[in-house]
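Following: one structure in structure tokens, then a few remarks.
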Amino acid sequence: MLIDGKAIAATIQKEIKDTIEQLPGRKPCLAVILVGNHAPSQIYVRRKTEACAEVGIISIKRELPPTIAEDHLLQEVKQLNNDPAVDGILVQLPLPYHINPMHVINSIDPLKDVDGFHPINVGKLLSGDRDGFIPCTPLGIKVMLERMEVEVAGKHVLVIGRSNIVGKPMAALLMQNQSFGNATVTIAHRHSTQLKQLCQMSDIVIIAIGKPHFLTADMVKEGAVIIDVGINKIADSSKKSGYRIVGDVDFPNVKKKCRYITPVPGGVGPMTIAMLLQNTLQSFQNQDE
Ligand code: NAD
């Protein structure tokens, strides 16, 4: 069965919109910093600001040249940190090579770090402190599984990919002694061996590696739950654009074997955006307390 991330995200966005409409005074505000002309980043930022507008979150977009000095970028972040009208700050990654992304992430006020990448929020997630912000993609997967009533406690979950934005926080969430947690988690990466055997023994596989059709039906246990995070462009002459978007899973074959599977597009992607809106609203509510 398909997990319709797009529909779940739309329901959550409606809930967020309704909450914001009830607010008597100022509305939540997200500031997005985009450095340079990286085409996919421009698309991601546009989608995020459009989603903000749909639910009534004010968005501020700061577009900065690719040559900007790191110090200057840090000043921009500082200004947003100090602006009481700004609830969330997001610096779109990747940044140009001459800028150290950790310096920039570390400069964001953790209380406005709606991406959940600041070390304080990473530490809170790891230590089981529920006060911090959780990165949007793993949080979206959590919410999606909860709404589909997929139990993770006691299940063997394989997370393939160990990035700071998906794999690591996903594993950290799943292993917590909390309501969504108590899973037995394995993390695989490009140096892992016996990946097929690891997949075959897993009840849930979450894959985020950026390799089209990597997870094939022979790797998957009958009745498993498959969450496909990958976003890959592959050539397709039947499309006007000349390409189409696929995930990391050989979707047509794997779907026949599993209990639940997320499509690409329309699975994890919309949930990621919905969680950005949710984190921004959360930050607003925290600051108004
Ligand atoms: P990344 O690109 O930073 O790193 C890739 C990870 O995959 C690494 O940890 C690497 O060790 C692992 N890997 C690579 N080849 C492997 C192999 N053969 N076997 C096992 N592991 C392997 O990771 P990322 O930033 O998390 O992105 C991964 C994918 O997820 C990309 O396609 C990206 O576009 C997509 N993504 C989607 C969303 C969304 O909202 N849907 C959000 C973030 C990332």
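Just so you know, ligand 1 is whichever comes first in the structure, and atom 1 is the first atom listed for that ligand. In this chain, numbering begins with 1 at the start of the sequence shown.
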For residues 64-79, dump all side-chain donor-acceptor pairs below 3.5 Å to protein atoms at least two apart in sequence or in another chain.
unit_1, atom_1, unit_2, atom_2, d
Glu70, OE1, Asn100, N, 2.9
Glu70, OE2, His103, ND1, 2.6
Glu76, OE1, Arg62, NH1, 3.0

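Taking each of Ser163, Gly161, Pro135 in turn, the one with a heavy atom nearest to atom 1 (P) of ligand 1 proves to be Ser163. If you check each of Gly247, Ala208, Pro270 against atom 28 (C) of ligand 1, the one with the closest non-hydrogen atom is Ala208. Nearest residue to atom 37 (C) of ligand 1 from Val229, Ile141, Val264 is Val229 (criterion: closest heavy atom). For atom 39 (C) of ligand 1, the candidate residues are Leu195, Thr272, Leu276; the nearest heavy-atom contact is made by Thr272.
Taking 4.0 Å as the cut-off, Gly167 does not count as a neighbour of ligand 1 on heavy-atom distance. In this structure, Ser192 does not count as a contact residue of ligand 1, since none of its heavy atoms falls inside 4.0 Å of the ligand.
Residue Lys211 approaches ligand 1 through these ligand atoms, each under 4.0 Å from one of its heavy atoms: 14 (C), 15 (N), 16 (C), 18 (N). Residue Phe214 approaches ligand 1 through these ligand atoms, each under 4.0 Å from one of its heavy atoms: 17 (C), 18 (N), 19 (N). Counting atoms of ligand 1 from 1 in the listed order, those under 4.0 Å from a heavy atom of Ile160 are 20 (C), 21 (N). Listed by number with element, the atoms of ligand 1 under 4.0 angstrom from any heavy atom of Gly269 are 40 (O), 41 (N). Every atom of ligand 1 with a heavy atom of His189 under 4.0 Å away is listed here by number and element: 11 (O), 19 (N), 20 (C), 21 (N), 22 (C). If you number the atoms of ligand 1 from 1 as listed, the ones under 4.0 Å from a heavy atom of Ile165 come out as 25 (O), 43 (C).
Counting all heavy atoms, side chain and backbone alike, Ile165 lies closest to Thr137 at O-CB, 4.4 Å. In terms of heavy atoms, Asp248 sits closest to Lys211 at OD1-N, 2.8 Å. Across every non-hydrogen atom of Leu30 and Ile89, the tightest pair is CD1-N, 4.2 Å. Nearest heavy atom pair, residue Asn279 against residue Cys136, reads ND2-SG, 3.9 Å. When every heavy atom of Cys199 is checked against every heavy atom of Ile160, the shortest pair comes out as SG-CD1, 4.0 Å.
The shortest contact between atom 33 (C) of ligand 1 and any protein heavy atom is with Ile231 N, 4.2 Å. Considering only non-hydrogen protein atoms, atom 11 (O) of ligand 1 sits nearest to Arg190 N, 3.0 Å. Among protein heavy atoms, atom 29 (C) of ligand 1 sits closest to Gly210 N, 3.6 Å. In terms of protein heavy atoms, atom 12 (C) of ligand 1 is closest to Ile209 CG2, 3.8 Å. Nearest protein heavy-atom contact of atom 43 (C) of ligand 1 is Val166 CG2, 3.6 Å. Closest to atom 42 (C) of ligand 1 among all protein heavy atoms lies Thr137 OG1, 3.3 Å. The protein heavy atom nearest to atom 9 (O) of ligand 1 is Arg162 N, 2.9 Å.
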Go through the steps to decide whether Asp18 and Gln22 satisfy the test side chain to side chain donor-acceptor pair (under 3.5 Å), and finish with yes or no.
-> CA-CA 7 Å; Asp18 290 346; Gln22 303 298 317; over 6 Å; no
Given side chain to side chain contact (heavy atoms under 4.5 Å, CB included), test Leu2 with Ile261 step by step and report yes or no.
-> CA-CA 5 Å; Leu2 219 59; Ile261 186 165; 4.1 Å; yes
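Hydrophobic side-chain contacts under 4.5 Å tie Ile58 to no other Ile, Leu, Val, Met, Phe, Trp or Tyr residue.
With 3.5 Å as the limit, one finds no donor-acceptor pair spanning the side chains of Thr11 and Glu15. At a cut-off of 3.5 Å, with distance as the only test, a side-chain donor of Asp218 or Thr216 sits close to an acceptor on the other residue.
Taking a distance limit of 4.0 Å, we find that atom 26 (O) of ligand 1 is approached by some protein heavy atom.
Asp87 has a carboxylate O that lies under 4.0 Å from a charged side-chain N of Arg26, or vice versa, which qualifies the two as a salt bridge. By the 4.0 Å N-to-carboxylate-O rule, Asp236 lies close enough to Arg244 to be salt-bridged with it.
Proximity of His191 to ligand 1, defined as any heavy-atom pair under 4.0 Å, is not found for any part of the residue.
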